[in-house]
K.L.:
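Please find one structure pasted underneath; my questions will follow.
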Number of protein chains: 2
Amino acid sequence: MSDGREQSGAGELEAVLKEAGLRITRQRRTILAILAAGGDHPDALALYRRAAREDPSISLSTVYRTMKVLEEKGAIQRHTFEGGPARFEHADGQHHDHLIDLDTGEVVEFRSDRIEKLQEEIARELGYEIVSHRLELYGRRRRD
Amino acid sequence: MSDGREQSGAGELEAVLKEAGLRITRQRRTILAILAAGGDHPDALALYRRAAREDPSISLSTVYRTMKVLEEKGAIQRHTFEGGPARFEHADGQHHDHLIDLDTGEVVEFRSDRIEKLQEEIARELGYEIVSHRLELYGRRRRD
DNA sequence: ATAATAATGCAAATCATTTGCAAGAAGCCA
DNA sequence: TGGCTTCTTGCAAATGATTTGCATTATTAT
């Protein structure tokens, strides 16, 4: 194993594909590397542009298709923040919610067990069981 | 005033338009009435179909346009739940979050001051101030 | 009424994303 | 390694939701 700081390399994503009986193509390798490298939340176009720098032959369709498979395999997560295209994130760590910086588009991850608990309670009271949920905070940096 | 149960009639929405210097057209009147009547969360097409029953001349564009103005004036709210078209809601009462029934698409409203508070705290800790937020629970009825 | 101007219907345009299809690679086995 | 089968890809065209241009119609203040 590496230095222990590696939360998940592109190799992990490749393993996901391999296990699913899918092929590891040059373009997939490129895309996965980018996804694993940047700790941000790029949309398909951004991903495409970065990938195209490495391999100009990659097409936007392939980016979309790759995101779709990986999402189905649970290897990545797709987020659709307000008024924008879907953005992807390498699903390595545990669940977390997002705070979107309205000025920069930057995404800050956070997590609150208390909120998670409260959500469960609420759903139960309403007679439901939660399958998934999404909590997004949209805000701007407090300048003080 | 009426029987006190009227949380907000179409009249209120018309007032919003009037105050904004906008015209009260036949189609707007129809759409507003529908929006004020049903306590649900219809999407543009559903709204269009209901409206067309009252007035076949109404077009889908007008529904969209009307939703846009009303949203800008703060009279209605637009929600984009996972994997579906935008759905609209007459913004009368206070803020609330949503639980979407994955089987029926039905929307249940709820509100939790504790969660709201926690959100504020989290944003503050991260150095942000919340402009808006969205909390959606997706689940299915607990059968027991 | 009437003019001034906003709103409508329709069709065409946009945006993000998906899909059909023929051509090009991967993976596997001999 | 060569060949074969099947999965992927790139491209263009199709989709779905929503918006917009434009000529026509309808509102509203006068």
Side-chain angles (χ1 to χ4, degrees), chain A residues 10 13-34 41-49 51-73 75-88 105, chain B residues 13-35 41-49 51-73 75-88 105:
Chain A
L13 289 175
E14 285 188 22
V16 170
L17 292 178
K18 187 143 268 172
E19 278 160 41
L22 299 171
R23 295 176 180 175
I24 313 266
T25 63
R26 178 168 39 81
Q27 24 281 84
R28 279 183 180 164
R29 221 189 289 276
T30 304
I31 296 172
L32 301 194
I34 292 174
H41 302 65
D43 59 30
L45 198 57
L47 222 35
Y48 165 67
R49 281 202 255 262
R53 235 180 285 143
E54 304 274 312
D55 173 355
S57 86
I58 286 180
S59 78
L60 185 52
S61 307
T62 293
V63 170
Y64 275 113
R65 275 191 278 235
T66 302
M67 291 305 99
K68 173 164 283 200
V69 222
L70 289 178
E71 189 189 7
E72 284 165 359
K73 299 308 169 204
I76 66 163
Q77 272 186 262
R78 171 193 303 258
H79 301 295
T80 311
F81 301 131
E82 306 240 272
R87 296 171 66 171
F88 309 92
Chain B
L13 289 176
E14 288 189 18
V16 170
L17 293 179
K18 187 144 269 171
E19 278 161 39
L22 299 171
R23 294 178 181 174
I24 314 268
T25 64
R26 177 169 39 81
Q27 23 282 84
R28 279 183 180 166
R29 222 188 288 276
T30 304
I31 296 173
L32 301 194
I34 292 174
L35 213 44
H41 303 63
D43 60 30
L45 198 57
L47 222 36
Y48 165 66
R49 282 201 254 263
R53 236 181 284 143
E54 303 275 312
D55 173 356
S57 86
I58 285 180
S59 78
L60 184 53
S61 307
T62 293
V63 171
Y64 276 113
R65 274 191 280 235
T66 302
M67 293 303 99
K68 174 164 281 201
V69 229
L70 290 178
E71 189 190 7
E72 284 167 357
K73 300 307 169 203
I76 67 163
Q77 274 185 260
R78 171 192 304 256
H79 300 296
T80 310
F81 301 132
E82 306 239 272
R87 298 172 65 171
F88 308 92

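Chain letters run A, B, ... following the sequence lines, proteins first and then strands; every chain starts at 1.
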K.L.:
Does any non-hydrogen side-chain atom of Ile76(A) lie less than 4.5 Å from one of Met67(A)?
P.N.:
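Answer yes - side chains close enough.
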K.L.:
Nearest-Å distance, CZ (Arg78(B)) to P (dA17(D))?
P.N.:
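After rounding, the gap between these two atoms is 14 Å.
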K.L.:
Rounded to whole Å, how long is the line connecting atom CZ of Arg29(A) with atom P of dA25(C)?
P.N.:
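So the CZ-P distance, Arg29(A) to dA25(C), works out to 15 Å.
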K.L.:
With sugar-phosphate meaning primed atoms plus P, OP1 and OP2, does Leu45(B) contact a base, only sugar-phosphate, or nothing at under 4.0 Å between heavy atoms?
P.N.:
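No contact.
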K.L.:
So, OP1 or OP2 of dC7(D): does either fall under 4.0 Å of a side-chain N or O from Thr25(A)?
P.N.:
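Thr25(A) to dC7(D) OP1/OP2: no side-chain N or O under 4.0 Å.
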K.L.:
Starting at atom CD1 of Ile31(B), determine the distance to atom C1' of dT8(C), rounded to an integer number of angstrom.
P.N.:
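These atoms are roughly 10 Å apart.
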K.L.:
Pick the nucleotide of DNA chain D nearest each of Lys18(B) and Phe88(B); which residue has the one closer to the 5' end?
P.N.:
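The residue mapped nearer the 5' terminus is Phe88(B).
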K.L.:
I'd like to check Lys73(B) versus Leu17(B) (side-chain heavy atoms, cut-off strictly below 4.5 Å). Are they in contact?
P.N.:
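They are not in contact (no side-chain heavy atoms under 4.5 Å apart), so the answer is no.
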K.L.:
Ser57(B) side chain N/O closer than 4.0 Å to the phosphate oxygens (OP1, OP2) of dT8(C)?
P.N.:
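So the side chain of Ser57(B) is outside the cut-off, no N or O lying under 4.0 Å from OP1 or OP2 of dT8(C).
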K.L.:
When you get a sec, tell me which of dA25(C), dT28(D), dT18(D) is the closest nucleotide to the side chain of Ile24(B)?
P.N.:
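Output: dT28(D).
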K.L.:
Look at the side chain of Pro85(A) and decide which nucleotide, out of dT8(C), dA6(C), dA16(C), has an atom nearest to it.
P.N.:
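Taking heavy atoms from C-beta onward, the closest nucleotide is dA16(C).
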K.L.:
Quick one: label Arg65(A) by what it contacts on the DNA or RNA (base, sugar-phosphate, nothing), any heavy atom closer than 4.0 Å.
P.N.:
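Counting heavy atoms under 4.0 Å across all strands, the contact made by Arg65(A) includes a base.
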K.L.:
From the set dA26(D), dT8(D), dT8(C), return the single nucleotide nearest to any side-chain atom of Arg23(B).
P.N.:
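The answer is dA26(D).
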K.L.:
Is Lys68(A) close enough to dT17(C) that one of its side-chain N or O atoms is under 4.0 Å from OP1 or OP2 there?
P.N.:
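For dT17(C), neither OP1 nor OP2 has a side-chain N or O of Lys68(A) closer than 4.0 Å.
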K.L.:
Under 4.0 Å, heavy atoms only, any strand: does Ser61(A) hit a base, just the sugar-phosphate, or nothing?
P.N.:
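Base contact.
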K.L.:
Any side-chain heavy atom of Leu35(B) sitting closer than 4.5 Å to one from Leu70(B)?
P.N.:
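They are in side-chain contact.
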K.L.:
Can you tell me the distance, in whole Å, between the OH atom of Tyr64(B) and the C1' atom of dC15(C)?
P.N.:
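Checked: the OH to C1' distance equals 13 Å.
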K.L.:
How long is the span from the CZ atom in Arg65(A) to the CD1 atom in Ile31(A), to the nearest 0.5 Å?
P.N.:
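So the CZ of Arg65(A) and the CD1 of Ile31(A) are separated by 10.5 Å.
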K.L.:
Over how many whole Å does the gap from Met67(A) atom CE to dT8(D) atom C1' extend?
P.N.:
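Going from CE in Met67(A) over to C1' in dT8(D) covers 15 Å.
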K.L.:
Within this structure, what is the CG-to-P distance between Leu60(A) and dA12(D), rounded to whole angstrom?
P.N.:
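To the nearest whole Å, that distance equals 13 Å.
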K.L.:
Are any of Thr62(B)'s side-chain N or O atoms less than 4.0 Å away from OP1 or OP2 of dG9(C)?
P.N.:
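Yes, because at least one side-chain N or O of Thr62(B) sits under 4.0 Å from OP1 or OP2 of dG9(C).
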K.L.:
Pick the closest DNA chain D nucleotide for Gly84(B) and for Leu22(B) by heavy atoms, then say which residue is nearer the 5' end.
P.N.:
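That would be Gly84(B).
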K.L.:
Could you state the atom-to-atom distance from CG of Leu47(A) to C1' of dA16(C) in whole Å?
P.N.:
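Distance check: Leu47(A) CG to dA16(C) C1' gives 15 Å.
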K.L.:
Closer than 3.5 angstrom, by distance alone: can the side chain of Arg28(B) be matched with the main-chain N or O of Arg23(B) as a donor-acceptor pair?
P.N.:
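Looks like yes, one N/O pair under 3.5 Å.
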K.L.:
Flag the pair Thr80(A) / Thr80(B) as yes when at least one side-chain heavy-atom distance between them is below 4.5 Å, and no otherwise.
P.N.:
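They are not in side-chain contact.
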K.L.:
Nearest of dT28(D), dT18(C), dG10(D) to any side-chain atom of Gln27(A)?
P.N.:
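Taking heavy atoms from C-beta onward, the closest nucleotide is dG10(D).
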K.L.:
Quickly work out the Ile58(A) CD1 to dA25(C) P distance and round it to whole Å.
P.N.:
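Answer to the nearest Å: 14 Å.
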K.L.:
Check every atom of dT18(D), dA7(C), dT8(D) against the side chain of Arg28(B) and return the nucleotide holding the closest atom.
P.N.:
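Minimum distance to the Arg28(B) side chain belongs to dA7(C).
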